[in-house]
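Below: one structure, written as structure tokens.
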Amino acid sequence: MTAGRRGGLNCDMELTPLPFVASDVLTALATAAGVRMDGNEAWRQVFGEDGLWSRLPPEDARFAQEYIVEAARGADVTHQVFLVNTEGDEPTPVLLHFHPMRLPDVDPGRYAVSITGEVLREPASWAAEQTRRRRMELLGRMAMGIAHDFNNLLTAVVGHGELLRADLLKMGAPQELHQHLGSLDRAAQDGAALVRKIQQYIRNEKNDRDEPVALHEIVEEVLTLTRPYWYNEPRRRGIALRVESDLRPVPPIQGSPTELREVFVNLVLNAVQAMPAGGTLTLRTARAGTRAAAVEVGDTGVGMNESVRRRIFEPLFTTKGASGSGMGLTMSHGIVQEHNGRIEVESAPGRGTMFRLVFPFSTATPAPETAPEAAPEAEARPPVSGLRILVVDDEPMVRTVTTKLLRLRGHDVRDADGGPAALAVLAEAGPGRPAFDVVVTDLSMPDMSGRELAAAIRQRHDGLPVLLLTGDTDADVEGADVAAVVKKPFQLDALDAVVREVAGA
């Protein structure tokens, strides 16, 4: 049974408990092209005389036609709910099933499609709720597309950052410039992690928080990331804002560095905004008893009265007017709870605010640290030779930066604009030894996906490994066509290591 992978409202087997009353059975017979061959009176009353889907919204009509095509190929598509536009004020919900049916005059391997269903009589609010659900599904698909594009942009940011770092090393630039570049890279990586959170949420994937995190290091990174807000901008406006930090090392907690950075960045920015005339920003880390660590973020700003303090974690509550979303502290509170922590708040009007976050130590026992023995100078590993690599991507920006980065590591790199172009480049070499040691390709491309390209390469150039680059959270190595998967945005060291591994170098 196929149920609602792309559209329609998938009710699956959850119809029984809903307060629906089914009307007469609707039946129709259609060709694979979506031409109605026959339909009973109940069908014509609901869907009309002119074709199959003229009374459906365009998006629903497209989904219905896709289900017909699937059924014409031999698959059952069942339990799909569509909202039919009728003469009433509200659309009519109809449950439909699409079944393949072999007829004598239909080509072998193709089927006619039997469509059966029923009108569902529902509470007045049900149709409106389904419309809202449909809009959310469309929004989810849009968000996935935006996430793909944003990952490509972040790949370019991270890649050009690595290229700039290489140039700065050649120029002998001061260490401060490298620190700024490291902060930009960390911000881009955090942006990619937030995109992955959106993808995981839409796909209902589990977001693991199994990494040991040193809170004092995270807060130190946040100070660097937010420096433009607490140092540069206040001074540009003639405001004196001082920072006092006491970041004592504490044992690690178990969690997500990206999410925790998001919490502390939000608290620091809130503290700065609470001191429009200047003041002192305070950050401290310390033990909270024997089993927990605490982080304090304080300010000497305007403070809050008790009624405001009690509501600051409520969704959409804000004291910033149109400039605030009312979701920053709500999300921070949720992240802290998901890390088994708690937030304590002390504040008074004119006396500033102090946030105290407490997290339990990680239960994992860290392995004892042993200093590695330095290798003798004479036994230093010789530099490895470069590989012949074909980079495939339909996005010029990503293709260019990936090519330049791999050339930094001494590889001989050629690029191709998409799968068909890559196959044409591979065909130039003819039979015998392949012209490349490895192919690095994007996964999501319009004319031919990365997996389709990998399958074609295996058929025509067996033994040539293919590495996928993707920002998708659910992409993994499947079958024999793909040798490895690297997530965007990538670090050059990680990409180079995987390329050499799959090429056997």
Side-chain angles (χ1 to χ4, degrees), residues 183 186-187 190 213-250 253 257 259-288 292-337 339 341-359:
S183 296
R186 191 175 298 110
D190 282 354
V213 179
L215 286 174
H216 56 286
E217 294 179 359
I218 291 290
V219 177
E220 185 69 49
E221 292 172 359
V222 167
L223 267 177
T224 303
L225 286 170
T226 58
R227 182 181 174 87
Y229 297 95
W230 55 258
Y231 185 83
N232 302 86
E233 182 61 19
R235 278 156 181 75
R236 186 185 68 80
R237 293 186 289 140
I239 298 172
L241 200 155
R242 198 159 53 97
V243 173
E244 295 182 354
S245 62
D246 182 14
L247 305 180
R248 302 180 183 181
V250 292
I253 70 168
E259 293 182 353
L260 292 169
R261 271 193 292 267
E262 179 183 348
V263 170
F264 297 129
V265 165
N266 184 59
L267 293 178
V268 168
L269 297 188
N270 283 351
V272 172
Q273 291 169 4
M275 296 183 288
T280 301
L281 171 66
T282 304
L283 296 104
R284 297 189 184 95
T285 56
R287 287 176 175 264
V295 180
E296 293 182 349
V297 180
D299 64 73
T300 57
V302 296
M304 298 176 283
N305 59 37
E306 184 61 20
S307 62
V308 171
R309 191 192 67 80
R310 286 198 301 264
R311 299 188 60 192
I312 57 175
F313 298 121
E314 293 181 10
L316 305 180
F317 176 76
T318 179
T319 59
K320 302 175 184 177
S323 63
S325 67
M327 292 302 295
L329 286 176
T330 302
M331 294 178 62
S332 297
H333 188 256
I335 290 172
V336 171
Q337 287 185 323
H339 284 76
R342 68 180 190 273
I343 302 183
E344 303 167 355
V345 186
E346 297 178 5
S347 186
R351 298 177 58 185
T353 302
M354 175 67 72
F355 285 86
R356 188 170 190 264
L357 291 71
V358 181
F359 301 92

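Heavy atoms only: backbone and side chains are in, while hydrogens, waters and symmetry mates are out. None of the values given here were measured: they were computed from a predicted structure. Note that the numbering runs from 1 along the sequence shown for the chain.
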Could you check if a side-chain atom of V295 sits within less than 4.5 angstrom of a side-chain atom of V263, using non-hydrogen atoms only? no

Got a list of side-chain donor-acceptor pairs under 3.5 Å for residues 351-358, not counting sequence neighbours?
residue: T353; atom: OG1; partner: S347; partner atom: OG; Å: 2.8
residue: R356; atom: NE; partner: E296; partner atom: OE2; Å: 3.4

Walk me through it: do N266 and E262 pass the test side chain to side chain contact (heavy atoms under 4.5 Å, CB included)? CA-CA 6 Å; N266 184 59; E262 179 183 348; 5.8 Å; no

Say you draw a straight line from CH2 of W230 to CD1 of I239; how long is it, rounded to the nearest 0.5 Å? 15.0 Å

Tell me, yes or no, whether the heavy-atom count around R284 atom CZ, taken from other residues, nucleotides or ligands under 6.0 Å, exceeds 12. no

Audit row: V213, I218, side chain to side chain contact (heavy atoms under 4.5 Å, CB included) steps and yes/no: CA-CA 8 Å; V213 179; I218 291 290; 3.4 Å; yes

Enumerate the residue pairs fulfilling salt bridge (Lys or Arg N to Asp or Glu O under 4.0 Å) with a member in residues 267-283, sequence neighbours excluded, ordered by first and then second residue. none

Could I get the full list of salt bridge (charged side-chain N to carboxylate O under 4.0 Å, His left out) partners for E233, not counting sequence neighbours? R236, R237

Between R261 and E259, is there a side-chain N and carboxylate O pair less than 4.0 Å apart? no

Search all heavy atoms of A293 against all heavy atoms of L215 and return the closest pair with its distance. CB-CD1, 3.8 Å

How would you list, by chain and number, every residue that makes a side-chain hydrogen bond (donor to acceptor under 3.5 Å, both in side chains) with N232, sequence neighbours excluded? none

Check: T330 side chain, E314 main-chain N or O, donor-acceptor pair, under 3.5 Å: yes

Run the side-chain hydrogen bond (donor to acceptor under 3.5 Å, both in side chains) test against R248 and tell me which residues pass, sequence neighbours left out. D246

Hey, what do you get for CG (L283) to CG (L223), rounding to the nearest 0.5 Å? 5.0 Å

Is the shortest side-chain heavy-atom distance between I312 and M304 below 4.5 Å? yes

Can you list everything that forms a side-chain contact (heavy atoms from CB on, under 4.5 Å) with H216? Sequence neighbours excluded, please. A214, L247, P249, V250, T285

Can E346 and R309 be said to form a side chain to side chain contact (heavy atoms under 4.5 Å, CB included), step by step? CA-CA 8 Å; E346 297 178 5; R309 191 192 67 80; over 6 Å; no

Interatomic distance, L329 atom CG to R311 atom CZ [nearest 0.5 angstrom]: 13.0 Å

With sequence neighbours left out, write down each residue that passes side-chain contact (heavy atoms from CB on, under 4.5 Å) with R235, or none if nothing qualifies. Y231

Return the CZ to CG distance between F359 and L260, rounded to the nearest 0.5 Å. 5.5 Å

All heavy atoms of P234 vs all of Y229, minimum pair found to be CD-O, 3.1 Å

For T300, give me all partners under side-chain contact (heavy atoms from CB on, under 4.5 Å), at least two apart in sequence or on another chain. M275, T280

